[in-house]
Amino acid sequence: MKSEIRRKKIASLVLGIYFSQITFAAQHPASNLKSTRLGILPMGEMSESAGRAYALAAKRIQRWLENLDAVHAFAEPLASHGNRDPLFREASEKRLSVLSSRLWAASENSEGFADIGLEFRKLRSKLSLADFGPVIQKSLLAEASFAWAKGDKSRSAELVKKAVLINPKGRADLSGFETFESKDDADGESSVEISHHAFEASISAAESQIRRACVIQVSVAERSASIFANGVALGAGRVFRLPLGGRYHLRAESEGARSENILVECSRPAIKAASLVLKKETKRERSLAQLSRSHSVESLFLVEPDGDNFRLFLYTPGVSVDEIKLNSPWRVAELLNSPNSDSVPIATDAFLDLLGQHQSSRLSYLETPSPDRVALQQKMSLEAPSDSRWYNNWKFWAITGGVVGAAVITYLATRPTTVKSTQTGIAVTIH
């Protein structure tokens, strides 16, 4: 009788432990998230006071990330040696591309530009036409599409013409923009698609009016050098017809060498000459993706000064650059006046949603084969944080608990009642 009671107590204890593990997992679904490595990086030019405030902000962000219950985060402030401008321009380019795609999509319901308009135009002003012509053109086309959807045809036409003139071939590149989707009308054709086709027709009309009567003869010693105008590749030719009314920054590139940019203005029909001299390139600055890879971090937490405040962005290679929502402005003065505080004004739920989106998109990005991505996956696997090991995985212990519990219950239930119970201990040693 006593042995029967003891068996029931042991079985009840094992089941209690097992179901408590399952309950914990259900109440803490983030425990199922893999560990995330993040780098913290300053962006853009900072004043002396902003530089001191950034050092405090980086430490606060690091502690905040690593104390988040919902994410197993490992954060590392990255040293910012040398010139940060190339990284800042790259981040601005990627951010402008993201906003252009969103504005293009917002044209579907004629909403959204008020929220991103100021940042949109500010980003465009930071990028030089010489190097970022294609992304600037797409931003103009996105804005033109939005103006068209709002019914401002004259503004749209003005932006389309400006965009078309950026391209030395007098063309508008719409690749990368998603096609609108909406419900079909009575005739079976989407009303949004009709509007979209009409806008594209306005682009074709603008392209047909372009006169390529500005002839440029380029001289460069290296035969295999390629010519670029406003960042658009023109190939290995030496004579080009450029659109009238445009301004074109010409340069030549070959393996390991690059020329300075020469500005050519095509205000009227003419034949002009441009001489480009190749110079051996110094070692190029690392890109954001290369920086992420070299530090084995999956995403970068970018901190950018904006007047007297800091703005925060999340960058993930191959995914996006998105602004991190703040509950209130993060002022430089507040950081300097409260150096021992740990508070951050980051909207936690919004950040977790954003991080989850980046993680999901990053997995899709890494599934596409490429040498760089395979190398990144291998490096991340080799340097994964210790929390990813089997003995720190709640799934392992939940399953093990279930198996052991079931085995103990089965064993106890099938033992003859005449057999005496003995206390059993299980010891697990981790080396």
Looking just at side-chain N and O atoms, do [X] and [Y] make a donor-acceptor pair shorter than 3.5 Å?
| X | Y | answer |
| --- | --- | --- |
| S338 | N340 | no |
| S139 | R124 | yes |
| S224 | E222 | yes |

Next on the checklist: Could you check whether any side-chain N or O of Q357 sits under 3.5 Å from a backbone N or O of L354, counting only pairs where one atom can act as donor and the other as acceptor?
Outcome noted: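 No, because the side chain of Q357 does not come within donor-acceptor range (under 3.5 Å) of the backbone of L354.
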
Could you tell me if the side chain of [Y] sits less than 4.5 Å from the side chain of [X], heavy atoms only?
| X | Y | value |
| --- | --- | --- |
| I61 | L312 | yes |
| V218 | F240 | yes |
| L174 | W104 | yes |
| V332 | F310 | yes |
| S292 | E298 | no |

More than 12 heavy atoms of other residues, nucleotides or ligands under 6.0 Å from [atom1] of [X]: yes or no?
| X | atom1 | answer |
| --- | --- | --- |
| R211 | CZ | no |
| E45 | CD | no |
| D308 | CG | no |
| R212 | CZ | yes |

Taking all non-hydrogen atoms of both residues into account, name the closest pair between [X] and [Y] and its distance.
| X | Y | value |
| --- | --- | --- |
| L234 | A229 | CD1-CB, 3.8 Å |
| R286 | L291 | NH2-CD1, 3.3 Å |
| R247 | N230 | O-ND2, 3.1 Å |
| S343 | W330 | O-CZ2, 4.2 Å |
| P243 | I210 | CB-CG2, 3.5 Å |
| I203 | A172 | CG2-CB, 3.6 Å |

Does a side-chain N-to-carboxylate-O contact under 4.0 Å join [X] and [Y]?
| X | Y | value |
| --- | --- | --- |
| R311 | E323 | yes |
| R155 | E158 | yes |
| R95 | E93 | no |
| E90 | K126 | no |
| R258 | D131 | yes |

Item to check | Nearest-0.5 Å distance, CD of residue E119 to CG of residue L96 | outcome: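 Output value for this atom pair is 9.0 Å.
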
Checklist entry - What distance do Y54 atom OH and K59 atom NZ have between them, rounded to the nearest 0.5 Å? => result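 Interatomic distance, Y54 OH to K59 NZ, rounded to 0.5 Å: 10.0 Å.
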
Next on the checklist: Which residues pass the ring-ring contact (aromatic ring centres under 6.0 Å, His included) test with F301, not counting sequence neighbours?
Outcome noted: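 Partners of F301 under the ring-ring contact (aromatic ring centres under 6.0 Å, His included) test: F351.
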
Item to check | Among T36, D353, D322, side-chain hydrogen bond (donor to acceptor under 3.5 Å, both in side chains) partner for H358 | outcome: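 So the option named by the test is D322.
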
